Each structure stands twice: as structure tokens, then as C-alpha cells.
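Down below is the structure, laid out as C-alpha cells.
Fair warning: this is a prediction, and the values are worked out from it, not measured in the lab. Counting from 1, the numbers follow the sequence of the chain as shown.
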Amino acid sequence: MHPNNPANQNPQFAAEVFDAAIRPHSWLRTARRLRSSADAIFKKEDPIARKFWAAAWHATKTGKQFNEMRYPFPNFDAAYMLIAFSIENLLKGLLIAKKLVTFDSKNSIPSNLRTHDLEKLERLASPIARLDKHSLYSLTYMSEWRGRYPMPTKVDKFWPMHDDGKMKTPGLVPEDHAKIFSYCDQLESELTRLLAD
């Protein structure tokens with residue numbers, strides 16, 4: 001750590017910040033804020049999405065040219081990223097509440113919490129609610145780069161592949177929204193119940 005780092009000037013404050021990470025309430029609070037922001041974007045983009053999907057479906061059925069200028073694709077990437085971060089915080093909160101991670105140091109987060117991989121976090125946290133692997137992977141894809149950068153760190157992340165050579169095909173459709181929000185709600189309920197005990 002650099003000698004000018006504020007943590008050196010006020011070690012008690014730094015310790016309090018990391019102490020908050022040990023409490024699952026902090027993860028729950030952050031998850032709720034992220035979910036609220038995702039909800040705001042989805043609400044704003046929903047009318048655009050409805051027009052886009054209706055026009056795309058009509059063009060497919062009739063064979064007419066689809067006008068992308070008139071019906072722009074909805075801007076859901078940032079919303080997916082935020083809901084993915086919310087789910088991530090809830091899964092990490094569950095890991096902490098269930099005492100499945102150990103904080104060896106008050107100056108760093110345990111290594112198994114340093115990931116955006118929702119499939120891995122779900123496997124570790126073993127929540128009651130489950131989400132299909134495709135949705136978990138697609139949300140991870142959004143949180144790792146698609147929702148916040150114009151390109152990934154490596155070109156192969158544009159077309160991620162399974163070990164067997166099949167494409168992971170990340171992508172979410174409007175029908176996925178309800179199950180993703182339901183999953184997030186169920187995780188929040190489970191974490192809230194654990195914290196009430």
C-alpha cells in the first residue's frame with residue numbers, strides 16, 4: 001500500500017470499511033440499490049422493447065424489411081449488468097450469512113468472493129432458488145464486459161465457448177426478464193430470512 005493511502009492515515013476507518021464487508025446486511029443493502037437502478041432502466045426501456053419486438057416479429061411473419069432506425073433495439077445491457085450485480089451481491093451475502101467463506105484478513109475480501117461468475121457463486125452459495133445456466137451465464141457476460149465496455153479484454157470473449165467447443169451463446173430475451181427478477185426476489189427473501197434468525 002502506498003504510504004499516502006488514506007488507510008494509513010486512518011486505520012480505524014479502513015478497518016470499519018472492511019468490517020462492513022463481513023456483515024451480510026451490507027451485501028443485501030447494496031443488492032437492493034443495484035436492483036432499484038436496474039428496475040428504473042427496464043421501466044424506461046420497456047415501451048421501446050415492446051415496439052422493437054412487435055416490429056421484428058411482424059417483419060419476420062410478413063417478410064418485410066425491418067426498419068432498425070424506426071424501431072431501435074432496447075438499451076437493456078446496462079440494466080442486465082445492474083441486475084447481475086444485484087444477484088452477485090445477494091449470492092455473496094448468502095455465502096457470508098451461511099458462513100461458507102472465511103475472512104482471514106480484515107484488509108481484503110476472500111478470493112472466492114472476487115468473481116462475477118454467477119454460476120460459480122450459485123454453486124458455492126447453494127440457494128433455495130435456482131436459475132438456469134444459460135441465464136446465469138448471460139448475466140455474467142453482461143457484468144464482465146458487455147454492459148459496461150465496448151469490447152472485452154480478449155477477442156475470444158466476443159464468442160465464448162464451452163470446453164467441448166460449443167458456443168455459450170449469451171443472450172437474453174424479454175421472456176427471461178420475469179424469471180430473472182423472480183430469482184433475484186427469491187434470493188433476497190432467503191437472505192432476509194437468514195438475517196432475521
**OP:** Hey, could you give me the NE2/CD distance between H134 and E119, rounded to the nearest 0.5 Å?
**Re:** 12.0 Å

Side chains of residues 51-66: which donor-acceptor pairs under 3.5 Å do they make with residues two or more places apart or in other chains?
| from | atom 1 | to | atom 2 | distance (Å) |
| --- | --- | --- | --- | --- |
| T60 | OG1 | A56 | O | 2.9 |
| T62 | OG1 | H58 | O | 2.8 |
| T62 | OG1 | K64 | N | 3.3 |

Original post:
E45: what forms a salt bridge (charged side-chain N to carboxylate O under 4.0 Å, His left out) with it, not counting sequence neighbours?
Top reply: none

Subject >> Under the salt bridge (charged side-chain N to carboxylate O under 4.0 Å, His left out) test, residues paired with R23 that sit two or more places apart >> reply: D19

**OP:** Apply side-chain hydrogen bond (donor to acceptor under 3.5 Å, both in side chains) to E68 and list each qualifying residue two or more places apart in sequence or on a separate chain.
**Re:** none

**OP:** Could you list the residues that satisfy side-chain hydrogen bond (donor to acceptor under 3.5 Å, both in side chains) with D132, not counting sequence neighbours?
**Re:** S135, K179

Original post:
Linking I/L/V/M/F/W/Y whenever their side-chain heavy atoms sit closer than 4.5 Å, directly or via other members, would I128 and L195 fall into one cluster?
Top reply: no

With a 3.5 Å cut-off and sequence neighbours excluded, list the donor-acceptor pairs that the side chains of residues 73-85 form with protein atoms.
| from | atom 1 | to | atom 2 | distance (Å) |
| --- | --- | --- | --- | --- |
| D77 | OD2 | R146 | NE | 3.0 |
| Y80 | OH | H177 | NE2 | 2.6 |

Original post:
With side chains defined as the heavy atoms from C-beta onward, is the minimum distance between L131 and L139 less than 4.5 Å?
Top reply: yes

**OP:** Taking the side chain as every heavy atom from C-beta outward, state whether L28 and T192 have any atom pair closer than 4.5 Å.
**Re:** yes

Original post:
What salt bridge (charged side-chain N to carboxylate O under 4.0 Å, His left out) pairs are there with at least one residue in residues 181-197, not counting sequence neighbours?
Top reply: R32-E188, R35-D185, K98-E190

**OP:** Without swapping roles, check the side chain of T30 against the backbone of W27 for a donor-acceptor pair under 3.5 Å.
**Re:** no

Subject >> Any residue meeting salt bridge (charged side-chain N to carboxylate O under 4.0 Å, His left out) with R148, in chain and number order, not counting sequence neighbours >> reply: none

**OP:** Give the minimum heavy-atom separation between L94 and L187, together with the two atoms involved.
**Re:** CD1-CD2, 3.9 Å

**OP:** Check for a donor-acceptor pair, side chain of S126 on one end and backbone N or O of E122 on the other, with a separation under 3.5 Å.
**Re:** no

**OP:** Rounded to the nearest 0.5 Å, what's the gap from CG on D117 to CD on E88? Could you check?
**Re:** 9.5 Å

**OP:** Please round to the nearest 0.5 Å and tell me the distance separating atom CG of N112 and atom CG of L124.
**Re:** 6.0 Å

Original post:
Quick one: CG on L136 to NZ on K120, what's the gap to the nearest 0.5 Å?
Top reply: 14.0 Å

Original post:
Under a single-linkage rule joining Ile, Leu, Val, Met, Phe, Trp and Tyr whose side-chain heavy atoms are separated by less than 4.5 Å, which residues share a cluster with M69?
Top reply: none

**OP:** May I ask you to test the H116-W145 pair for a side-chain heavy-atom distance under 4.5 Å?
**Re:** no

Original post:
Of all heavy-atom pairs between P110 and F103, which one has the smallest distance, and what is that distance?
Top reply: CD-CE2, 3.3 Å

Original post:
Transitively linked via ILVMFWY side-chain contacts under 4.5 Å: M142 with F42?
Top reply: yes

Original post:
Any side-chain heavy atom of T115 sitting closer than 4.5 Å to one from L121?
Top reply: yes

Original post:
Looking only at heavy atoms, what is the nearest atom pair of F158 and P152, with distance?
Top reply: CZ-CD, 3.4 Å

**OP:** Report yes if some heavy atom in the side chain of C184 is under 4.5 Å from a heavy atom in the side chain of L90; otherwise report no.
**Re:** yes

Original post:
Once you round to the nearest 0.5 Å, how far does OG of S86 lie from OH of Y183?
Top reply: 11.0 Å

Original post:
Is it true that I87 and V101 fall in one hydrophobic cluster, defined by side-chain heavy atoms closer than 4.5 Å?
Top reply: yes

**OP:** Return the set of residues passing side chain to side chain contact (heavy atoms under 4.5 Å, CB included) with R70 (not counting sequence neighbours), or none when no residue passes.
**Re:** N67

Subject >> Any residue meeting salt bridge (charged side-chain N to carboxylate O under 4.0 Å, His left out) with E144, in chain and number order, not counting sequence neighbours >> reply: none

Subject >> Residues that A40 engages under side chain to side chain contact (heavy atoms under 4.5 Å, CB included), provided they are two or more places apart >> reply: none

Original post:
At what distance, to the nearest 0.5 angstrom, does OG1 of T140 lie from CG of L118?
Top reply: 3.5 Å

Original post:
Would you call P127 and L91 a side-chain contact if the rule is heavy atoms closer than 4.5 Å?
Top reply: yes

Original post:
Taking all non-hydrogen atoms of both residues, which atom of A97 and which atom of L194 are closest, and how far apart?
Top reply: CB-CD1, 4.1 Å

